[in-house]
2 protein chains.
Amino acid sequence: MREGPEIARIAALVADPVRSAMLLALMDGRALTATELASVGGITKQTASSHLAKLVESEVLVADAQGRHRYFRLAGSHVAALLEALMVFSSDAVPPLRTGPKDLTLRKARICYDHLAGEKGVMLYDRMLEEGWLGRDLDVTDKGWTKLAVLGLQQGDLPSSNRPLCRACLDWSQRRHHLAGRLGKAVLDRILAVSWARRLPASRVIVFHPEGERRFGEWLR
Amino acid sequence: MREGPEIARIAALVADPVRSAMLLALMDGRALTATELASVGGITKQTASSHLAKLVESEVLVADAQGRHRYFRLAGSHVAALLEALMVFSSDAVPPLRTGPKDLTLRKARICYDHLAGEKGVMLYDRMLEEGWLGRDLDVTDKGWTKLAVLGLQQGDLPSSNRPLCRACLDWSQRRHHLAGRLGKAVLDRILAVSWARRLPASRVIVFHPEGERRFGEWLR
DNA sequence: CTCATGGTTCGACGCTAATCGAACCATCCC
DNA sequence: GGGATGGTTCGATTAGCGTCGAACCATGAG
């Protein structure tokens, strides 16, 4: 009676149909707003707010405040593992949800302020973390500097300023983080400089050349 | 809203503190009676009966009726996986529960009707399944007959009768299945015949000789 | 500044489900 | 057979929580 309550408390969070629908919608790693999640659950935003507060409080979700929006995502892979363990009991698919731009080129790669966003930007950020180019605090590791040197980026080349070197920026089409900060800008600059990709005039679209896309992928291993 | 309910339904079963305590008590693979589980949950047997009916209905638990007792155990490893996924959120230990005979020799190995029970019996049964001596329907495989031949058991030696060749019998100290049926009897007979162990006079205790215990373990790989 | 929109807080309502007492059925032991 | 024990069913009570309306705060656009 003393050991059960804790797992029961977590299970209770998933036990509500609305909350479980919200969690399933986040299974692919995206981050959604409170209003979108309310729509997913088919409830009003007051109720959604109450649900989300509970999930954040118990660290099942984490929230990123961005302007007047709050983006919610799963707190980690252990949450996804829990949901998968539940799905075993009755095979479910993750629910589709149209979101973001229709324009496929925009979705694939584009400029976000001054750095790379879209699928390619998310891929860059994910790999840098996976491969250990970045540490947990978003500090660049020795391995990271070695790989960045391949692109022609030296540690001394990056002007120091108030702006952080690395920052995680939330992507509005992918709804996942990508690399921002001074390094984010520098990497995009180099990618354009070595002609792996080019920027369409008067547009935010970044177009990778076939050969450049291949090299980009190789560079990330 | 159509995909969430199913996982919510399962989560709701674990969400009750009493039910989760019951499930945790079964995490080690034992089977417990309804009354014992009522005690684990600190509730009356009526309430426990209601909880257990729900868990069986949803195939989270399975029940073995044995005389006037009903033994409940987890329906499979996927249930244990679910509980483990929940325990990640707050490290819990599996609760201890004293059960069964105090007598250590009885607990280790004894005769159950005419076959081997206790730790050694459970070990025999588990290994036969793990190593593929027995198929899913408790049929003896070719590999099984090969290994049984080492003990001097030929397929033709086992007299055919109404009694099933292999049966899973629930152990009252280990609370887990062990091998019964004609094969269960035959194996115990051979173990005694080759003097790996002997039966204490006027007792159900089976005592393994040190050398016999070693060979028994080797035989099971 | 004003309006629109995203999000939260508060309070009241209503439904679901856990709980136990009482009665009942089944099995085992003597 | 009769008594004891394990387990289930039924019904009534109670408590918790999901829900939404209404009001409120914060941010962004014009």
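Each chain gets a letter, A, B and so on, in the order its sequence line appears, and its residues count up from 1.
A salt bridge is absent between B/Arg110 and B/Glu119: the closest approach of a Lys/Arg side-chain nitrogen to an acidic carboxylate oxygen does not fall below 4.0 angstrom. A salt bridge does not link A/Arg70 with A/Asp64: every distance from a Lys NZ or Arg NE/NH1/NH2 to an Asp or Glu carboxylate oxygen is 4.0 Å or more. Ion pair A/Glu36/A/Lys45 not flagged as a salt bridge, since none of the NZ, NE, NH1 or NH2 atoms sits closer than 4.0 Å to an Asp/Glu carboxylate oxygen.
Atoms NE2 (A/His69) and P (C/dA4) sit 17 Å apart, rounded to a whole Å.
With sequence neighbours excluded, no residue forms a salt bridge (charged side-chain N to carboxylate O under 4.0 Å, His left out) with A/Glu59. Judged as a side-chain hydrogen bond (donor to acceptor under 3.5 Å, both in side chains), and not counting sequence neighbours, B/His69 has no contacts. A/Ser50 meets the side-chain hydrogen bond (donor to acceptor under 3.5 Å, both in side chains) test with A/Lys54; sequence neighbours excluded. Here B/His209 pairs with nothing under the ring-ring contact (aromatic ring centres under 6.0 Å, His included) rule; sequence neighbours left out.
Ring orientation note: the planes of A/Phe216 and A/Trp196 are nearly perpendicular, at an angle over 60° on the 30°/60° scale.
Contact footprint of chain A on DNA chain D: nucleotides with an atom under 4.0 Å from a non-hydrogen protein atom, first to last in 5' to 3' order, D/dG18 to D/dG28.
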Would you list the protein and nucleotides 15-19 of chain C atom pairs, both N or O, that sit under 3.5 Å from each other?
| residue | atom | partner | partner atom | Å |
| --- | --- | --- | --- | --- |
| C/dA18 | OP1 | B/Arg19 | NH1 | 3.2 |
| C/dA18 | OP1 | B/Arg19 | NH2 | 2.8 |
| C/dA18 | OP2 | B/Lys54 | NZ | 3.2 |
| C/dT19 | OP2 | B/His51 | NE2 | 2.4 |

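Nearest-nucleotide positions on DNA chain C place A/Arg68 closer to the 5' end than the other of A/Arg68 and A/Ser49.
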